[in-house]
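Keep in mind that what you see is a predicted model, and the values were worked out from it rather than measured.
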Amino acid sequence: MASLKEIKSRINSINGTLKITSAMKMVASAKLHKVQNAITNMLPYERQLHEILSRLLSDSRETESATGCEEFIIQRPVQKVAIIAVSSNSSLCGAFNANAIRHFRETAAKYAENGLSKEDILVFPVGRKMAEAVIKDGFMPQGDYNSLAEKHIYKDVSGFADNLIKRYLDGEIDKIELVYNHYKSSASQIPVNETYLPFDITPDTGDNKNGSAGPGGRNAAEGYLKNYIVEPDPQSVLRLLLPKVLILKIYTMLLDANAAEHAARTIAMQEATDNAQQLLQELKLQYNKQRQQAITDELLDIVSGTMVNN
């Protein structure tokens, strides 16, 4: 049985930990609220742009009109694939990083089974934890993008996306995939795998990540060019809109993953705080019981000594 001094030391230690977890929970909650507002405003905008672009591309192909954007949508034999895998820079966020890393490994294993070597799988890790896992698995990271996991500066994200698009158009990469945790709610972060390029022109049928019904669907997309006047012409709009949508997709994905990280950390710190409080109550009860027992033993010794002397 632990002594009173040892129990007191543990109580002080847990009190210190409790202050840290409570502070981290408040910080994560504040950051979550901030990025939650950003992703709530950005996600519908990005999805609507994606839908407009998908409809324009789909109708342009059906009418056999040249768009000048065929290189973005043509499916190629995959000899080189790029995986943009997102995690956090720090830990103490529950299973957030473990889920992201596991999902990346499953994605990489899928291409390895199809005959691609590790040199053919180009990994762009965003977040220090993912970069460490990528190196551990024997892949060569294509750069240091850890800053993008926390600071979402549009200019930096645009440069990152431009580099990916250029390498795809130059034929260095045949396919680009995004692997990250999607923020569904404060208590749920879902691992997501999306094809970034080639561009998917399939209209949204409502089976999106958050489970809500989309405004599109193939029926709504029928005859899109027949029902709208696109000026100066669909081809010019597509050439201008497509790069912007692709950059915005990366930006929105990073915001989404960051919101999922802060949500996971908020929940993890809340659980750690609850566990610390419960353990603190148990230790205090044990301390009081042993203290009372020590006092009782001392009183018995005094009474026994008095009776012997008499």
Side-chain angles (χ1 to χ4, degrees), residues 10-47 84-106 125-134 145-154 156-157 178-194 208-212 249-283:
R10 289 188 64 189
I11 289 174
N12 292 335
S13 176
I14 293 173
N15 272 324
T17 303
L18 186 61
K19 291 178 182 178
I20 294 173
T21 56
S22 297
M24 290 186 66
K25 175 200 167 186
M26 288 190 293
V27 171
S29 181
K31 289 183 177 180
L32 172 61
H33 181 70
K34 182 179 179 180
V35 73
Q36 193 176 25
N37 289 336
I39 192 63
T40 300
N41 294 329
M42 184 64 69
L43 199 57
Y45 175 70
E46 184 269 331
R47 285 178 177 168
I84 293 87
V86 185
S87 72
S88 69
N89 284 332
S90 57
S91 53
L92 297 178
C93 48
F96 176 84
N97 289 318
N99 289 338
I101 292 170
R102 182 177 67 251
H103 197 48
F104 157 72
R105 286 172 175 164
E106 291 173 353
V126 178
R128 185 170 57 86
K129 295 298 181 180
M130 184 62 72
E132 293 173 353
V134 167
Y145 305 102
N146 294 342
S147 61
L148 296 179
E150 295 180 351
K151 298 180 181 179
H152 307 106
I153 302 173
Y154 187 82
D156 295 341
V157 176
L178 307 177
V179 176
Y180 64 100
N181 287 332
H182 164 62
Y183 172 75
K184 183 177 181 180
S185 67
S186 295
S188 177
Q189 300 84 43
I190 307 172
V192 172
N193 186 305
E194 292 181 353
N208 48 34
K209 293 186 290 293
N210 62 5
S212 61
K249 176 63 181 176
I250 293 288
Y251 185 75
T252 305
M253 181 267 292
L254 292 174
L255 283 177
D256 196 359
N258 194 233
E261 175 195 345
H262 293 313
R265 182 169 286 110
T266 300
I267 296 299
M269 291 300 100
Q270 177 63 57
E271 291 178 352
T273 300
D274 293 342
N275 290 337
Q277 289 175 341
Q278 181 178 355
L279 183 57
L280 202 59
Q281 290 178 355
E282 293 174 357
L283 285 174

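- Nearest heavy atom pair, residue Val179 against residue Ala100, reads CG1-O, 4.3 Å.
- Between the CZ atom in Phe96 and the NZ atom in Lys129 there is a gap of 12.5 Å [rounded to 0.5 Å].
- To the nearest 0.5 Å, the span separating CG on Leu280 from OG1 on Thr273 amounts to 11.5 Å.
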Only distances under 3.5 Å count here; give the side-chain donor-acceptor pairs of residues 23-39 to other protein atoms, sequence neighbours excluded, each with its distance to 0.1 Å.
| from | atom 1 | to | atom 2 | distance (Å) |
| --- | --- | --- | --- | --- |
| Lys25 | NZ | Gln270 | OE1 | 2.3 |
| Gln36 | NE2 | Tyr183 | OH | 2.6 |
| Asn37 | ND2 | His33 | O | 3.3 |

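- In terms of heavy atoms, Asp256 sits closest to His182 at OD2-ND1, 2.6 Å.
- With rounding to the nearest 0.5 angstrom, the CD1 atom of Ile101 is 8.0 Å from the CD atom of Glu132.
- Lys184 and Ile190 get closest at one heavy-atom pair: CD-CD1, 3.3 Å.
- Between Met42 and Tyr251, the shortest heavy-atom contact is CE-CE2, 3.7 Å.
- Taking every heavy atom of both residues into account, Ser186 and Ile267 meet most closely at O-CG1, 3.3 Å.
- The closest side-chain heavy-atom distance from Val86 to Leu254 is below 4.5 Å.
- Counting all heavy atoms, side chain and backbone alike, Ala276 lies closest to Leu18 at CB-CD1, 3.7 Å.
- Side-chain atoms of Ser90 and Arg265 include a donor-acceptor pair closer than 3.5 Å.
- Atom CZ of Arg105 has more than 12 neighbouring heavy atoms from other residues, nucleotides or ligands inside a 6.0 Å radius.
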